[in-house]
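Numbers here are sequence positions counted from 1. Whatever order the structure lists ligands and atoms in, that order sets their numbers, starting from 1.
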Amino acid sequence: MRLTIAAHDDADSIVDLVNQAYRGASSGGWTTEAGLIEGPRVNRAVVAEMIENGQATVLLARDQAPKQIQGCVAVRPMEDHQWYLSMLAVGPAFQTGGLGKSIMTAAEAFLAERGARSVKISVIDVRDSLIAWYERRGYERTGDIEPFPYDDPSVGVPLRDDLTLITLRKSLRTSDPAETRQ
Ligand SMILES: CC(C)(COP(=O)(O)OP(=O)(O)OC[C@H]1O[C@@H](n2cnc3c(N)ncnc32)[C@H](O)[C@@H]1OP(=O)(O)O)[C@@H](O)C(=O)NCCC(=O)NCCS
């Protein structure tokens, strides 16, 4: 799986893909948030800024022809060689065929090449089947719990008042000989 780095022109397609994957009610996939949160997961301004301000990188999985974007994920460096991974999405029509797993593997390789030692993600606490999916990919619960951003309308309208975000982390295997000696 080869991921490409999103460009400005990809913003609209990414917004459509992410909102369909996360919140698509009729065509929603097996992990849809519809029923938990209403409204779009992202808007164009948020995605355009991610692409343009250089603090995050949005990686895309594209079909060969007609070059449709099938999946995406955003990554950004944090402190201590840890990277934050978010906005993972596979279009509902392409889900359950292994694409999500391939994107995660390729994104982790992308990060390892840039010196990442671990990856952190945040998941809404009640999304049990999604959390189990990440755990099968090697992510472990850290025990940290963050408040859900109830005051941020750009992430949609929560339909419950008891949501929180849990943190999962995965250590990446290092290829640095200095790390593996000892
Ligand atoms: C999460 C997501 C990226 C996974 O991508 P995907 O292409 O559907 O996943 P894959 O095909 O690689 O893996 C499917 C796995 O889910 C399992 N699965 C399929 N349908 C399922 C269901 N109804 N319930 C539980 N597990 C299911 C499969 O058995 C397979 O399990 P495995 O890990 O043992 O192989 C995708 O569903 C998505 O875009 N979801 C909406 C956005 C989202 O929630 N992103 C993450 C936010 S933190």
Side-chain angles (χ1 to χ4, degrees), residues 1-4 6 10-43 46-47 50 56-64 68-76 78 82-111 118-150 152 154-160 163-170:
M1 152 80 41
R2 192 172 149 268
L3 299 176
T4 57
D10 296 313
D12 287 331
S13 302
I14 294 168
V15 170
D16 287 348
L17 168 78
V18 169
N19 289 333
Q20 276 301 313
Y22 276 77
R23 309 274 164 86
S26 55
S27 58
W30 65 276
T31 56
T32 180
E33 288 179 342
L36 286 178
I37 306 171
E38 262 179 2
R41 163 68 173 74
V42 287
N43 60 45
V46 167
V47 172
M50 286 175 100
T57 304
V58 182
L59 300 169
L60 305 177
R62 292 182 198 268
D63 203 359
Q64 287 306 307
Q68 184 180 13
I69 298 175
Q70 298 180 326
C72 69
V73 66
V75 291
R76 66 176 161 85
M78 302 173 73
Q82 178 163 252
W83 286 60
Y84 188 73
L85 184 148
S86 63
M87 214 172 71
L88 172 68
V90 170
F94 307 107
Q95 290 185 15
T96 71
L99 186 55
K101 281 177 271 195
S102 298
I103 292 173
M104 288 298 285
T105 302
E108 289 163 8
F110 178 92
L111 299 186
S118 65
V119 186
K120 174 184 161 175
I121 57 176
S122 303
V123 186
I124 296 174
D125 59 336
V126 296
R127 300 186 69 192
D128 295 331
S129 55
L130 178 64
I131 293 167
W133 184 83
Y134 279 121
E135 288 177 330
R136 292 199 296 279
R137 314 272 84 78
Y139 287 78
E140 296 176 352
R141 296 169 196 246
T142 65
D144 294 341
I145 299 175
E146 299 160 15
F148 185 87
Y150 278 99
D152 180 0
S154 76
V155 299
V157 181
L159 301 176
R160 301 168 48 153
L163 301 177
T164 60
L165 299 174
I166 66 164
T167 301
L168 293 96
R169 185 181 297 125
K170 178 175 180 175

For atom 9 (O) of ligand 1, what's the nearest protein heavy atom and its distance? W133 NE1, 3.7 Å

Heavy-atom distance to atom 27 (C) of ligand 1: which of F94, Y134, W30 wins? W30

May I ask you to check if ligand 1 and V123 share an N or O to N or O distance below 3.5 Å? no

Heavy atom to atom 11 (O) of ligand 1, shortest distance: which of G98, A21, A61, S129 holds it? G98

Students should be able to answer this: which protein heavy-atom is nearest to atom 47 (C) of ligand 1, and at what distance? Y22 OH, 3.2 Å

Does I131 reach the side chain of R141, with side-chain heavy atoms less than 4.5 Å apart? yes

Which of the numbered atoms in ligand 1 are under 4.0 angstrom from any heavy atom belonging to G97? 11 (O)

Side-chain donor-acceptor contact under 3.5 Å, T167 with E146: yes

If the threshold is 4.0 Å, N to carboxylate O, is there a salt bridge linking E108 and K170? yes

Tell me, please: is G29 in heavy-atom contact with ligand 1, that is, under 4.0 Å? no

Here the atoms of ligand 1 under 4.0 Å from any heavy atom belonging to T96 are 6 (P), 7 (O), 8 (O), 11 (O), 19 (C), 20 (N)

Please check atom 3 (C) of ligand 1 for a protein heavy-atom neighbour under 4.0 Å. yes

Which atoms from ligand 1 have a heavy atom of R127 less than 4.0 Å away? 43 (C), 44 (O), 47 (C)

Could you check whether any side-chain heavy atom of I124 comes within less than 4.5 Å of a side-chain heavy atom of F148, counting everything from C-beta outward? yes

Please list the nearest protein heavy atom to atom 40 (N) of ligand 1 with its residue and the distance rounded to 0.1 Å. T31 OG1, 2.5 Å

Which atoms of ligand 1 sit under 4.0 Å from any heavy atom of L88? 3 (C), 42 (C), 43 (C), 45 (N), 46 (C)

Any idea which heavy atoms bring A74 and M50 closest together, and the distance? CB-CE, 3.4 Å

How many angstroms lie between CZ in R41 and CD in Q20, if you round to the nearest 0.5 Å? 14.5 Å

Which of the ligand 1 atoms, numbered from 1, are nearer than 4.0 Å to a heavy atom of L99: 7 (O), 12 (O)

Below 4.0 angstrom from a heavy atom of A89, which ligand 1 atoms are there? Numbered from 1 as shown, please. 39 (O)

Does ligand 1 have an atom under 4.0 Å from some heavy atom of E33? no

Can we say R62 and D10 salt-bridge, meaning some charged N sits less than 4.0 Å from an Asp/Glu carboxylate O? yes

Polar proximity ligand 1 side, S122 side, N/O cut 3.5 Å exclusive: no

More than 12 heavy atoms of other residues, nucleotides or ligands under 6.0 Å from CZ of R136: is that the case? yes

Heavy-atom closest pair (S154 atom, N43 atom, distance to 0.1 Å) is CB-ND2, 4.1 Å

Pick one of side chain, backbone, both or neither for how K101 approaches ligand 1, counting any non-hydrogen atom pair under 4.0 Å. both

Checking a contact table here: which protein heavy atom is nearest atom 39 (O) of ligand 1, and how many Å away? V90 N, 2.8 Å

Would a search of protein heavy atoms around atom 29 (O) of ligand 1 find one under 4.0 Å away? no

Exercise: do Y22 and T31 side chains pair donor with acceptor under 3.5 Å: no

Nearest to atom 5 (O) of ligand 1, what protein heavy atom do you find, and at what distance? G100 CA, 3.4 Å

Is it true that R160 and E33 make a salt bridge, defined as a side-chain N closer than 4.0 Å to a carboxylate O? no

Part of L130 with heavy atoms under 4.0 Å of ligand 1, whether side chain, backbone, both or neither: side chain

Rounded to the nearest 0.5 angstrom, the CD-CH2 distance for Q95 and W30 is 8.0 Å

Minimal heavy-atom distance between I14 and A6, with the atoms involved, is CD1-CB, 3.8 Å

Which residue and non-hydrogen atom of the protein lie closest to atom 34 (O) of ligand 1, and at what distance in Å? R136 NE, 3.0 Å

